[in-house]
Structure formats: C-alpha cells, structure tokens
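One structure is given here, and the rest of the page talks about it.
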Amino acid sequence: MNAPHPALGGPDDRTTVVVITHNRCAELLHTLRRLRELPERPPVIVTDNASTDGTAEAVRREFPDVLLLRPARNLGAVGRNLAVRLVRTPYVAFCDDDTWWEPGSLRRAADLLDGRPRLAAVTARILVEPNGTEDPVVPELRESPLTGPGWLPGPALGSFLAAATVMRTEAFRAGGGFHPGLWLGGEEELLATDLQRQGWWLSYAEELTVHHRASVLRDSTARRILGLRNTLWFTWLRRPLLPALRRTAHLMATVPHDVASARAFARAAAGLPWVLRQRDPVPPEIEDRLTALQRARRSSPARRYVG
C-alpha cells in the first residue's frame, strides 16, 4: 500500500464512501484498490446489486474491511439508500464501480461542507480516463445558469451526479434518498429538487476531482431508455401542469425518433398511474430554477435527453 502524500494529510473520519455495483467485478475491484490508497482512509460500503459474476466473493477475499451489502435483487440506485442507512459519518461520498476519488478530494469536500450548514452536496470535476480529459458534462456544471448565496464554494446546481458527489448524510436522509420508482438513470434530479424545496443548496466545486474509466460492460441504449423515461416521470412528478406539458411536447419533438425513444415513452406512459398519485408540483421559485436549467440543457451535448 502506498503511503499518504504528506501534503494530503492523514486519515479523515468525516466521510464514508458508498459504491453500488452489478456484474462488474473487475471494475469494482479496481475502484476499491483506488479507494484503499486514499490518504483519508474512508470507510467503504459496497452494495452488490445481486451480481452473478462472483463480485461478492471477490470483495470478501480481497477487501475484508469493506462492508458488503447483498440485496436479493438489483435495486439500482436504491442500493445507495441501503448503504446510507449504515453510514455513521456526517458526509457520504458516492461513486460508481468505474469511478474513484482523487487523493485529498474527500478531505477538501468535508472542509467545504463543514463551514456551510445549508450546503447539501458538492459535485466534483470529472476526468475521463485513461487520458485525463474533462467529461463533457463538466462545462455544464461550471457554467450553471443558477444563482445562489455568496457563501457557496462554486456555481449553484439544480441537480448532481451521484458518481461524483459528496453529500451531507443528514440531507440525504431528509430528502428521502433515491426514489425507488425511478430505479436508475437520472435519479438524482428528483432528490435534488426535493432537497431544494427544503432549503438546501447544491454546488459545483472545481477543486474536487473524480476519475471515470467507463466500464465496457454497459448498455448505452438501455441507459438512454431509462434516462428518458425518468426525465418524463420527474417532469410529471414535480413540474406544474403547463411546464410539464411543454417539456413533454419538447421531448417528443426533439428526441431521436427511434425504437429506444418509443420504448422510453411507452414505459413512461405505463407508469403514469403511480406518478400522478405521487404528483407534487414545486413552488414558483423552484420551477424558475428548473426552467433555467432546461433552457441550458437544450444545447448540452452531454445530457440533452436525460434529466
């Protein structure tokens, strides 16, 4: 094990790292090795979402100090909820099985949160490996159209990226965690919106860094279907009637007219009964933020069709 770099300090007991995974054993083990090398020495909780590739056995063998949760079925993002129930630190850092935190970033994130009690989360800059180039979503975060109080450490955000975010544990629990109905794919937007309704703030923090080496074991079409479906569900769960109608019409006119989009709209329509039962539109000040974000995302190459 490499010794911590002196400039990055020693162990830090303020943050727990939560990772969800499903059938990506090799990627997860790589991420856990990176996390084990962090100078902060954070406790790590892994939710193995019913993997069948030997993930759980490999984690137990190579990382006996990691707390491993094994739900009987794939819970998607809700697997993070299970882990956060067991978190005992004031902050929780999320990452996926193909992302890992830069040494020193967890300590800096905790420092930022320590001094700002109404700050729910800070989202890091994302570097795509192996070349270390910025993820296309980073300019969208850096150039957020939202305004916030002067004490924020960076631009105010309307949502966050779970794979690159450190969140106040209290805020995550107050917001109810990730909604089980959305499962996975743009699931952060609903939680972020509900946190803002409670008076919490979200911010981008340029000095924090997460590395992302995209797994080859991903189905981009399936992810696009889920992202579009969840964008529609979020729209009808939280947007007022006229903005919801306009947003739906815009998506219908602008998404690719292909089989994947048709499936996404069909799945969204099938879920309308439960969505309408839980519908709770946001107040005008939050809707103004959502409108500003929607306008900005129309030109975003990174998340044009995902919430």
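Note: hydrogens, waters and symmetry copies are ignored here, and every other heavy atom, side chains too, is used.
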Check whether any side-chain heavy atom of [X] sits under 4.5 Å from a side-chain heavy atom of [Y], and report yes or no.
| X | Y | value |
| --- | --- | --- |
| V59 | L28 | yes |
| L228 | S261 | yes |
| L208 | R108 | yes |
| V122 | Y204 | no |
| L82 | R85 | yes |
| R34 | H30 | yes |
| T123 | L141 | yes |
| R168 | P90 | no |

Legend entry - Test applied, side chain to side chain contact (heavy atoms under 4.5 Å, CB included); reference residue, V44; option that passes from L68, D65, V66: V66
According to a hydrophobic-cluster definition based on side-chain heavy atoms being under 4.5 Å apart (Ile, Leu, Val, Met, Phe, Trp, Tyr only), do [X] and [Y] belong together?
| X | Y | value |
| --- | --- | --- |
| L75 | L69 | yes |
| F63 | V46 | yes |
| L245 | I286 | yes |
| L195 | V92 | yes |
| F234 | L241 | yes |

Expected output: side-chain [X] to main-chain [Y] donor-acceptor under 3.5 Å:
| X | Y | answer |
| --- | --- | --- |
| E27 | D97 | no |
| T235 | A244 | no |
| N230 | L182 | yes |
| E40 | R107 | yes |
| N49 | G76 | yes |
| S144 | A156 | yes |
| T165 | L161 | yes |
| R267 | L226 | no |
| S51 | N23 | yes |
| S203 | P155 | yes |

I need the [X] [atom1] to [Y] [atom2] distance, nearest 0.5 Å.
| X | Y | atom1 | atom2 | answer |
| --- | --- | --- | --- | --- |
| E102 | L106 | CD | CG | 10.5 Å |
| L32 | T21 | CG | OG1 | 8.5 Å |
| W236 | T231 | CH2 | OG1 | 14.5 Å |
| T31 | R36 | OG1 | CZ | 12.5 Å |
| E37 | W100 | CD | CH2 | 10.5 Å |
| L184 | I20 | CG | CD1 | 6.0 Å |

Legend entry - Residue that, paired with Y91, satisfies side chain to side chain donor-acceptor pair (under 3.5 Å) out of D12, D114, T169: D114
With a 6.0 Å cut-off (strictly less than), is the heavy-atom count around [atom1] of [X], excluding the residue itself, greater than 12?
| X | atom1 | answer |
| --- | --- | --- |
| R197 | CZ | yes |
| R213 | CZ | no |
| D258 | CG | yes |

Indicate the atoms forming the closest heavy-atom contact of [X] with [Y], along with that distance.
| X | Y | answer |
| --- | --- | --- |
| P240 | R279 | C-NH2, 3.5 Å |
| L112 | P153 | CD2-CB, 3.9 Å |
| G158 | L146 | N-CD1, 3.4 Å |
| I45 | L86 | CD1-CB, 4.2 Å |
| T15 | T89 | C-OG1, 3.7 Å |
| P71 | D48 | CD-O, 3.3 Å |

Inset, instruction - Report yes or no: is the cationic atom of R118 (NZ for Lys, CZ for Arg) closer than 6.0 Å to the six-membered ring centre of W200, at no more than 45° off its axis? - result: yes
Legend entry - Worked check of side-chain contact (heavy atoms from CB on, under 4.5 Å) between C95 and L35: CA-CA 10 Å; C95 66; L35 295 176; 4.2 Å; yes
Inset, instruction - Check the pair V19, F94 against side-chain contact (heavy atoms from CB on, under 4.5 Å), reporting the backbone distance first and the verdict last. - result: CA-CA 6 Å; V19 186; F94 297 111; over 6 Å; no
Inset, instruction - Decide if the gap between the ring center of W183 and the ring center of H22 is smaller than 6.0 angstrom. - result: no
Inset, instruction - Taking the six-membered ring for Trp and the single ring otherwise, decide whether the centroids of W233 and H179 are under 6.0 Å apart. - result: no
Lys/Arg N to Asp/Glu carboxylate O, [X] vs [Y], below 4.0 Å:
| X | Y | result |
| --- | --- | --- |
| R80 | D96 | yes |
| R33 | E62 | yes |
| R24 | D53 | no |
| D194 | R238 | yes |

Legend entry - Pair W101-T209, side-chain hydrogen bond (donor to acceptor under 3.5 Å, both in side chains): steps then yes or no: CA-CA 6 Å; W101 288 88; T209 301; over 6 Å; no
Could you go through residues 170-178 and list every donor-acceptor pair under 3.5 Å that involves a side-chain atom there, pairing it with any protein atom two or more places apart or in another chain?
{"unit_1": "R173", "atom_1": "NH2", "unit_2": "V84", "atom_2": "O", "d": "2.7"}
{"unit_1": "R173", "atom_1": "NH2", "unit_2": "V87", "atom_2": "O", "d": "2.9"}

Inset, instruction - Please assess F265 against L251 for the test side-chain contact (heavy atoms from CB on, under 4.5 Å), listing each intermediate value before the final yes or no. - result: CA-CA 10 Å; F265 275 95; L251 289 170; 4.2 Å; yes
Inset, instruction - Would you please test T193 and E189 for side-chain hydrogen bond (donor to acceptor under 3.5 Å, both in side chains) and show each step? - result: CA-CA 6 Å; T193 299; E189 190 165 28; 5.4 Å; no
Inset, instruction - Start with the C-alpha distance between R239 and L290, add both sets of side-chain angles, then the distance that settles side-chain contact (heavy atoms from CB on, under 4.5 Å), and finish with yes or no. - result: CA-CA 8 Å; R239 305 290 296 271; L290 294 174; 3.4 Å; yes
